[in-house]
Amino acid sequence: MVKIMTQLMTEDGIRCDGRRLDELRDISIKVGVLKNADGSAYIEFGKNKILAGVFGPRDVHPKHMANPDSGILRCRYHMSPFSVTERKNPAPSRREIEISKVIKEALQPAVILKDYPRTVIDVFIEVLQADGGSRCAALDAAAVALADAGIPMRDLVSACAAGKVEDKIVLDINNEEDQEGQADMPVALMPNIGKITLLQLDGILKPEEFKTCMQTALVGCKRVYEVQRKALMEKYFQSGEQ
Ligand code: ADP
């Protein structure tokens, strides 16, 4: 079978979806979209469409998982069968299990669990449509949903990927760039504390490229933070202003 390669970038640095190297896809976040969850958020990050619902703190089942000294955080990232071009098996794949784990580890430093011993906070993430960078978009929605649930947090968590395409470092990799580009590096940041809670790299970067890629991703995280903050302000202060 002959594979047709997409042209990922024009000579003047315009990407396959029309963006410049340092341009994010459009992001919109809506807070409190599910009446039955304690907190929720819906994010559109480019063509990614993702819902996050939070329950808790509540009793832990099974009980032996409870920690007498602290609450626990559980995360489930799940892709719906219609979220990608070929029907995805609804059973959790290895990829979804890995992403659930990294999302939990990226959120955990921000959540203050010690005041809720023997309880659990559950974060359920449903990817309705995926288009590259879904773990970052899922994290962005989950952090907002946790805040919406009134869970005490040290900071929000804002995530965005950067990567390498046609030998150039670019912000916010889309699906084509993920499949055919040279590197994809998702990063999550607690933007006020300034700590990184997720760093993954799929591909190879030279040390200088790694530095630029990291700086680029962090700029993206800070821009995402502004959108998250505004979405929360809109729900809790109507005007969206402080
Ligand atoms: P992320 O979505 O965080 O970038 P990956 O790099 O693993 O995670 O996946 C990149 C993209 O590949 C996804 O966003 C999605 O568009 C696509 N993808 C993932 N799993 C599947 C699948 N089972 N079938 C088709 N496309 C998939």
Side-chain angles (χ1 to χ4, degrees), residues 1 3-6 8 15-17 19 21 23-29 41-52 75-108 123-145 157-166 169-189 196-205 210 213-214 216-218 220-221 223-224 227-228:
M1 196 174 81
K3 191 157 186 267
I4 301 165
M5 302 291 282
T6 320
L8 290 179
R15 296 156 67 182
C16 57
D17 56 10
R19 283 183 292 153
L21 302 183
E23 201 175 333
L24 275 178
R25 289 173 284 183
D26 287 341
I27 308 170
S28 72
I29 300 176
Y42 171 67
I43 189 166
E44 290 190 0
F45 198 125
K47 291 182 191 148
N48 290 290
K49 296 185 178 188
I50 301 173
L51 261 176
C75 293
R76 190 192 74 167
Y77 163 103
H78 181 250
M79 288 180 110
S80 68
F82 49 77
S83 62
V84 284
T85 44
E86 301 260 316
R87 174 188 178 273
K88 191 214 148 266
N89 183 332
S93 61
R94 287 168 64 114
R95 174 180 169 276
E96 286 163 295
I97 294 167
E98 180 221 315
I99 294 181
S100 300
K101 178 177 182 288
V102 299
I103 288 180
K104 177 193 146 169
E105 288 172 0
L107 291 171
Q108 201 151 261
V123 180
F124 294 104
I125 293 160
E126 288 295 324
V127 179
L128 308 176
Q129 185 168 287
D131 190 42
S134 68
R135 80 194 60 200
C136 290
L139 249 171
D140 297 330
V144 170
V157 178
S158 310
C160 186
K164 185 174 160 187
V165 174
E166 307 277 356
I169 300 300
V170 300
L171 179 60
D172 182 21
I173 299 274
N174 66 28
N175 193 36
E176 278 95 49
E177 293 172 333
D178 185 304
Q179 307 301 326
E180 292 169 30
Q182 295 152 294
D184 174 26
M185 192 171 94
V187 174
L189 171 76
I196 290 168
T197 63
L198 167 80
L199 174 56
Q200 295 186 286
L201 174 58
D202 182 7
I204 297 172
L205 294 175
F210 175 79
C213 202
M214 174 61 89
T216 306
L218 291 177
C221 293
R223 288 196 209 146
V224 169
V227 183
Q228 291 173 301

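Counting starts at 1 for both ligands and their atoms, in listed order. For this chain, numbers begin at 1 and follow the sequence in order.
- Residues Leu201 and Ala183 come closest through the heavy atom pair CD1-CB, 4.2 Å.
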Contact table, ligand 1 N/O with protein N/O, distance under 3.5 Å:
from, atom 1, to, atom 2, distance (Å)
ligand 1, 2 (O), Arg95, NH2, 3.3
ligand 1, 2 (O), Gly133, N, 3.4
ligand 1, 2 (O), Ser134, N, 2.8
ligand 1, 2 (O), Ser134, OG, 2.6
ligand 1, 3 (O), Ser134, N, 3.4
ligand 1, 3 (O), Arg135, N, 2.9
ligand 1, 3 (O), Arg135, NE, 2.8
ligand 1, 4 (O), Gly133, N, 2.8
ligand 1, 4 (O), Asp178, OD2, 3.4
ligand 1, 6 (O), Asp178, OD2, 3.0
ligand 1, 7 (O), Arg95, NE, 2.7
ligand 1, 7 (O), Arg135, NH2, 3.2
ligand 1, 8 (O), Arg95, NH2, 3.1
ligand 1, 8 (O), Arg135, NH2, 3.0
ligand 1, 12 (O), Asn175, OD1, 3.3
ligand 1, 12 (O), Gln179, NE2, 3.2
ligand 1, 14 (O), Gly132, N, 2.7
ligand 1, 16 (O), Ala130, O, 3.4
ligand 1, 16 (O), Gly132, N, 3.4
ligand 1, 16 (O), Asn175, OD1, 3.3

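- Side chains of Asp17 and Asn174: a donor on one and an acceptor on the other come within 3.5 Å.
- The only option from Val187, Asp172, Ile169, Val170 that meets the side-chain contact (heavy atoms from CB on, under 4.5 Å) definition with Thr216 turns out to be Ile169.
- Contact detail for Ser80 and Lys88: the closest heavy-atom pair is O-CB, 4.1 Å.
- Looking only at atom types and distance, the side chain of Glu98 has a donor-acceptor partner in the side chain of Gln200 under 3.5 Å away.
- In this structure a side-chain-to-backbone donor-acceptor pair under 3.5 Å is present from Glu96 to Ser93.
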